[in-house]
Q: 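The structure's right below; bear with me while I get my questions together.
Each chain gets a letter, A, B and so on, in the order its sequence line appears, and its residues count up from 1.
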2 protein chains.
Amino acid sequence: MTVSTPSLSELLRLDDGVLPAACPSRVVLDHVTSRWGVLLLVALSDGTLRWGELRRRVEGISEKMLAQTLRVLEADGFVRRDAQPTIPPRVDYSLTDRGREITELLIPLMHWIVQHAEDIVGAGD
Amino acid sequence: MTVSTPSLSELLRLDDGVLPAACPSRVVLDHVTSRWGVLLLVALSDGTLRWGELRRRVEGISEKMLAQTLRVLEADGFVRRDAQPTIPPRVDYSLTDRGREITELLIPLMHWIVQHAEDIVGAGD
DNA sequence: CAGTATCCCCGAGGATACTG
DNA sequence: CAGTATCCTCGGGGATACTG
């Protein structure tokens with residue numbers, strides 16, 4: 001049942017295991033694993049959130065980085081932005097299908113980290 | 001069969017969905033998703049590698065960042081360092097059990113990214 | 001409310017040279 | 001070979017003020 005994890009080379013079909021530096025995946029990896037990228041995607045996995053809600057959920061993020069990271073994630077097609085032309089404005093952010101795909105891979109990671117973080121920083125740091 | 005992904009709040013047992021800023025998980029998340037962290041861990045998933053092999057595999061990494069990132073990953077208990085006291089020296093790096101655990105969550109992520117990267121940067125960037 | 005615009009700083013990270 | 005030491009740059013990212 002447990003298919004032993006295939007090697008990176010097999011998974012990526014690299015015959016030498018080298019992932020080139022100039023490579024689209026590096027760009028996407030950087031976007032997703034950017035300082036605030038993971039946190040925003042994971043926050044949105046709970047459902048649609050407004051700008052202000054996102055700010056509060058992802059504690060510590062500045063307005064600048066919230067805007068910037070959201071723009072990148074939107075450009076990559078991970079996040080959908082719905083702006084109501086009302087006064088005052090209301091903007092909803094949610095995951096696209098693509099965003100949900102990658103977030104489903106991110107959640108187990110976050111989960112593992114949250115479970116083990118204490119042991120890790122407690123012992124070594 | 002498919003258990004629908006539980007919400008972040010459920011997974012993390014946060015009643016408000018807010019992941020605090022001052023929190024060990026943030027530190028570990030930063031280490032793992034650091035610029036070179038993912039790439040190194042994933043490279044080591046293929047098995048033990050020597051310093052020079054790692055440098056070549058993770059194309060673009062400088063010696064400084066290789067050393068620095070490896071030290072962090074070692075301190076976190078993800079990576080084991082085996083130094084043979086020979087001349088010339090030989091140092092082997094491999095994943096610990098803990099390293100293998102988290103890498104098994106990283107591989108699907110990398111895999112997804114490599115599969116979809118072209119579409120993503122091709123269309124939006 | 002949901003952003004943009006600006007200024008500015010610090011440290012991540014690269015280049016280079018050196019060493020056991 | 002497997003690093004360390006040093007210098008230096010560039011841009012990530014915070015603080016603050018302003019706007020439709």
Q: What residues, two or more places apart in sequence or in another chain, satisfy side chain to side chain contact (heavy atoms under 4.5 Å, CB included) together with B/Arg100?
A: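 Only B/Arg80, B/Leu95, B/Asp97, B/Glu104 meet the side chain to side chain contact (heavy atoms under 4.5 Å, CB included) criterion with B/Arg100.
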Q: List the residues meeting salt bridge (charged side-chain N to carboxylate O under 4.0 Å, His left out) with B/Asp92, not counting sequence neighbours, and say none if there are none.
A: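 Scan of B/Asp92 (salt bridge (charged side-chain N to carboxylate O under 4.0 Å, His left out), adjacent residues dropped) gives B/Arg90.
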Q: If I take atom NE2 in residue A/His31 and atom P in nucleotide D/dG13, what distance separates them, rounded to the nearest angstrom?
A: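 One finds 12 Å between P of D/dG13 and NE2 of A/His31, rounded.
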Q: Kindly write out the residues that satisfy side chain to side chain contact (heavy atoms under 4.5 Å, CB included) with A/Ser25, not counting sequence neighbours, or none if the list is empty.
A: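 Expected list: A/Leu19, A/Cys23, B/Ile113, B/Val114, B/Ala117.
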Q: Could you state the atom-to-atom distance from CG of B/Leu70 to P of D/dG3 in whole Å?
A: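 Those two atoms, CG and P, are 8 Å apart.
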Q: What is the distance, rounded to the nearest whole Å, between atom CG of B/Asp30 and atom P of D/dG12?
A: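 It is 16 Å, rounded to the nearest whole Å.
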Q: Applying side chain to side chain contact (heavy atoms under 4.5 Å, CB included), can you list everything that pairs with A/Leu105, at least two apart in sequence or on another chain?
A: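 Residues passing side chain to side chain contact (heavy atoms under 4.5 Å, CB included) with A/Leu105: B/Pro108, B/Leu109, B/Trp112.
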Q: Ignoring backbone atoms, test whether A/Arg50 places a side-chain nitrogen or oxygen under 4.0 Å from the OP1 or OP2 oxygen of C/dA2.
A: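 Indeed, a polar side-chain atom of A/Arg50 lies that close.
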Q: How close do B/Val38 and B/Thr33 get, counting heavy atoms only, and between which atoms?
A: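 That closest heavy-atom pairing would be CG2-CA, 3.9 Å.
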Q: At under 4.0 Å between heavy atoms, what does A/Arg71 touch on the DNA or RNA strands: base, sugar-phosphate, or nothing?
A: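 Sugar-phosphate, backbone atoms only, no base.
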Q: Could you give the CZ-to-C1' distance, from B/Arg90 to D/dC1, as a whole number of Å?
A: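 Taking CZ of B/Arg90 and C1' of D/dC1, I get 11 Å after rounding.
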Q: Please give, in whole Å, the distance from D/dC1 P to B/Leu66 CG?
A: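 That distance rounds to 14 Å.
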Q: Could you tell me how far apart A/Arg56 (CZ) and C/dG3 (P) are, to the nearest whole angstrom?
A: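 Atom CZ in A/Arg56 sits about 13 Å away from atom P in C/dG3.
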Q: Identify, with sequence neighbours excluded, every residue that meets salt bridge (charged side-chain N to carboxylate O under 4.0 Å, His left out) alongside B/Arg50.
A: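 Checked B/Arg50 against salt bridge (charged side-chain N to carboxylate O under 4.0 Å, His left out); zero matches.
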Q: Kindly state each residue pair satisfying salt bridge (Lys or Arg N to Asp or Glu O under 4.0 Å) with at least one member in residues 63-74 of chain B, sequence neighbours excluded.
A: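 For residues 63-74 of chain B, and leaving out neighbouring residues, the salt bridge (Lys or Arg N to Asp or Glu O under 4.0 Å) pairs sorted by first residue read B/Arg55-B/Glu63.
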Q: Anything below 3.5 Å on both distances counts as a pair; with that, list the stems of at least three consecutive Watson-Crick or G-U pairs involving DNA chain D.
A: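 So far as stems of 3 or more pairs are concerned, DNA chain D shows C:1-20 with D:1-20.
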Q: To the nearest 0.5 Å, tell me how far A/Leu39 CG sits from A/Leu54 CG.
A: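 Taking CG in A/Leu39 and CG in A/Leu54, the distance rounds to 10.5 Å.
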Q: Check the distance between D/dC1's C1' and B/Leu54's CG and give it to me in whole angstrom.
A: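 Spelled out: CG on B/Leu54 to C1' on D/dC1 is 14 Å.
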Q: With sequence neighbours left out, write down each residue that passes side chain to side chain donor-acceptor pair (under 3.5 Å) with B/Arg56, or none if nothing qualifies.
A: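 Residues passing side chain to side chain donor-acceptor pair (under 3.5 Å) with B/Arg56: none at all.
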Q: When the distance from CZ of A/Arg55 to C1' of C/dG3 is rounded to whole Å, what number comes out?
A: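 After rounding, the reported distance stands at 11 Å.
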Q: With 3.5 Å as the limit, what N/O pairs link the protein to nucleotides 13-20 of chain C?
A:
unit_1	atom_1	unit_2	atom_2	d
C/dG13	N7	B/Lys64	NZ	2.5
C/dG13	O6	B/Lys64	NZ	3.1
C/dG14	OP1	B/Arg35	NH1	3.1
C/dG14	OP2	B/Ser62	OG	3.1
C/dG14	O6	B/Lys64	NZ	2.7

Q: Hey, does the side chain of A/Arg81 come within less than 4.0 Å of C/dG3's phosphate (OP1/OP2), counting only N and O?
A: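 Affirmative; the distance criterion is met.
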